[in-house]
Structure formats: structure tokens, C-alpha cells
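To start, the structure under review is shown below, and the notes come after it.
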Amino acid sequence: MKAPRIAATVVLAIGIALGTAGCDLTAPQATTKHYDASDGVSGSVGDVDVRNAFVVSDDGTVGNLVFTLVNNGDSAHLVTIESGSGSNKTDKQVSIGAGKLTPFGGPDQRRVLIENLDTKPGTLYPVYFQYGDKTGVRLLAPVLDSSLPAYSDYSPNSAVESIANQ
């Protein structure tokens, strides 16, 4: 009489253990999924990763494009950044060294200013990144303003060296 009881207890214990651990057996781990952890968007062009791209604009006419380039390759690249369309289209170029991580748009960093932005904070603005003969990536960068303390130093009106039109 004790053997069936012990067997039933063991089966019940195994059932409870598997039932409570079952989610870990079939669910994907969240830490293995790539996501944009900040307000910006990311993409890749060949060896170059574009990370956390967003635009800061207080008046909707001029914007500071904030982003980081990561060159995973063995050679330097000249990256073209295209923004706007039609008569408002502008191209700017920035260089990134081999194996380098280079941020743009911060308080002590070079800035890529978008003139003739013609969009308000709270919208998405298309920006295209490309280099060499690689197929580029079009990102819809969020447009933010500098009223939040975290972005107060990113206003396009701050005096920092900007990259001229090419």
C-alpha cells in the first residue's frame, strides 16, 4: 500500500516541478533579443552600425541629429547622411575610423545639423545612412525637444562645431 502512495507522490512532485519550470523550457530569453534601449533607433550598413539615432529640435526648423557610429570593420569609412527630400534634401559626410565607436551630437561632440527640418517634436523624421557601394539604411528617427533635462544640452542652438553641408 505504501509503494503506490510513494509513486503517486513522486509523480505529483515531478508534475509540479515541470509545471512551474515549463515556461523556461519553451520561452525565448529576453536578454538575447536586440532592442533600442533609449529614445533613438538603430540600424546597420555593411561594417557600420548606427546606434540610438534621434533628432533634437526646439522649433521644428533646425535639428541636431544625435547618433553613434560603430565601425566593426578593418578600414575607415566615409558615411553619407541624407536627410529631407526635394529641395530640402541635404547630404552630409562623417568619417569613422576602423574599429572605432564615434558619437555625434552630444555636448562636446561634432554635430550634424539638419537645416530646413520642417517637422515638429513628437514626429518621426527619415534619415538615410550609407557608405561606399553598400546598401544604405533608412531610419525613422524620433524628433524630440530639449525641454527634458536629459536633452537640454543637445539643443541645435548650443554652440558646438557642426559638420557643414557637403
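The figures that follow rest on heavy atoms only: side chains count, while hydrogens, waters and symmetry mates do not. The first residue in the sequence is number 1, and the count goes up from there.
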Exercise for review: Indicate the atoms forming the closest heavy-atom contact of Ser75 with Ala98, along with that distance.
Suggested key: N-CB, 3.5 Å
Exercise for review: Locate the shortest heavy-atom distance separating Gly105 from Arg111; write the atom from each residue and the value.
Suggested key: O-NE, 3.5 Å
Exercise for review: Measure from the side-chain N and O atoms of Asn71 to the backbone N and O of Lys100, and report whether any donor-acceptor pair falls under 3.5 Å.
Suggested key: no
Check your understanding: If only atom types and distance count, is the side chain of Asp58 paired as donor or acceptor with the main-chain N or O of Ser146 below 3.5 Å?
Key -> yes
Point to revise | Chi angles and distances behind the side-chain contact (heavy atoms from CB on, under 4.5 Å) call for Tyr151, Asp39 | key: CA-CA 11 Å; Tyr151 300 119; Asp39 291 327; 2.2 Å; yes
Point to revise | Verdict with reasoning, Leu140 to Val41, per side-chain contact (heavy atoms from CB on, under 4.5 Å) | key: CA-CA 7 Å; Leu140 292 175; Val41 293; 5.9 Å; no
Point to revise | Student check: side-chain heavy atoms of Leu144 and Pro121 closer than 4.5 Å | key: no
**Study point:** Rounded distance (nearest 0.5 Å) linking atom OG of Ser83 with atom CG of Leu117
**Key:** 8.0 Å
Review point. Are side-chain heavy atoms of Leu139 and Val50 found at a separation under 4.5 Å?
Key: yes
Point to revise | Asn64 side-chain N/O to Ser155 backbone N/O, donor-acceptor pair under 3.5 Å | key: no
Exercise for review: Taking the side chain as every heavy atom from C-beta outward, state whether Asp145 and Ser57 have any atom pair closer than 4.5 Å.
Suggested key: no
Exercise for review: Nearest 0.5 Å please: distance from the CG atom of Asp91 over to the CD1 atom of Ile81.
Suggested key: 9.5 Å
Exercise for review: Applying side-chain hydrogen bond (donor to acceptor under 3.5 Å, both in side chains), name anything that partners Ser95, two or more places apart in sequence or on another chain.
Suggested key: none
Point to revise | Pairwise side-chain contact, Asp49 with Asn72, heavy-atom cut-off 4.5 Å (strictly under) | key: yes
Check your understanding: Atom CD of Glu82 and atom CD1 of Ile114: how far apart are they, to the nearest 0.5 Å?
Key -> 11.5 Å
Exercise for review: Apply side-chain contact (heavy atoms from CB on, under 4.5 Å) to Thr68 and Thr102, showing your working.
Suggested key: CA-CA 6 Å; Thr68 299; Thr102 307; over 6 Å; no
Point to revise | Smallest separation among heavy atoms of Pro156 and Val56, with atom names | key: CD-O, 3.4 Å
Let me have the donor-acceptor pairs involving side chains of residues 124-131, under 3.5 Å, with sequence neighbours excluded, atom names and distances please.
| from | atom 1 | to | atom 2 | distance (Å) |
| --- | --- | --- | --- | --- |
| Tyr125 | OH | Gly84 | N | 3.0 |
| Tyr128 | OH | Gly136 | N | 3.2 |
| Gln130 | NE2 | Gly132 | O | 2.6 |
| Gln130 | NE2 | Lys134 | O | 2.9 |
| Tyr131 | OH | Asp47 | N | 2.9 |

Check your understanding: Would you say Thr9's side chain and Arg5's backbone share a donor-acceptor pair under 3.5 angstrom?
Key -> yes
Check your understanding: Nearest 0.5 Å, what's the CZ-CZ distance between Phe104 and Arg110?
Key -> 4.5 Å
Review point. Side chains of Lys92 and Thr80: closer than 4.5 Å at any heavy-atom pair?
Key: no
Exercise for review: Rounded to the nearest 0.5 Å, what's the gap from CG on Leu69 to CD1 on Ile96? Could you check?
Suggested key: 5.0 Å
Check your understanding: Just how far is it from atom CG of Asp118 to atom OG1 of Thr61, taken to the nearest 0.5 Å?
Key -> 9.0 Å
Practice item. Kindly indicate whether the side chain of Val143, heavy atoms from C-beta on, has any atom under 4.5 Å from the side chain of Val55. Key: yes
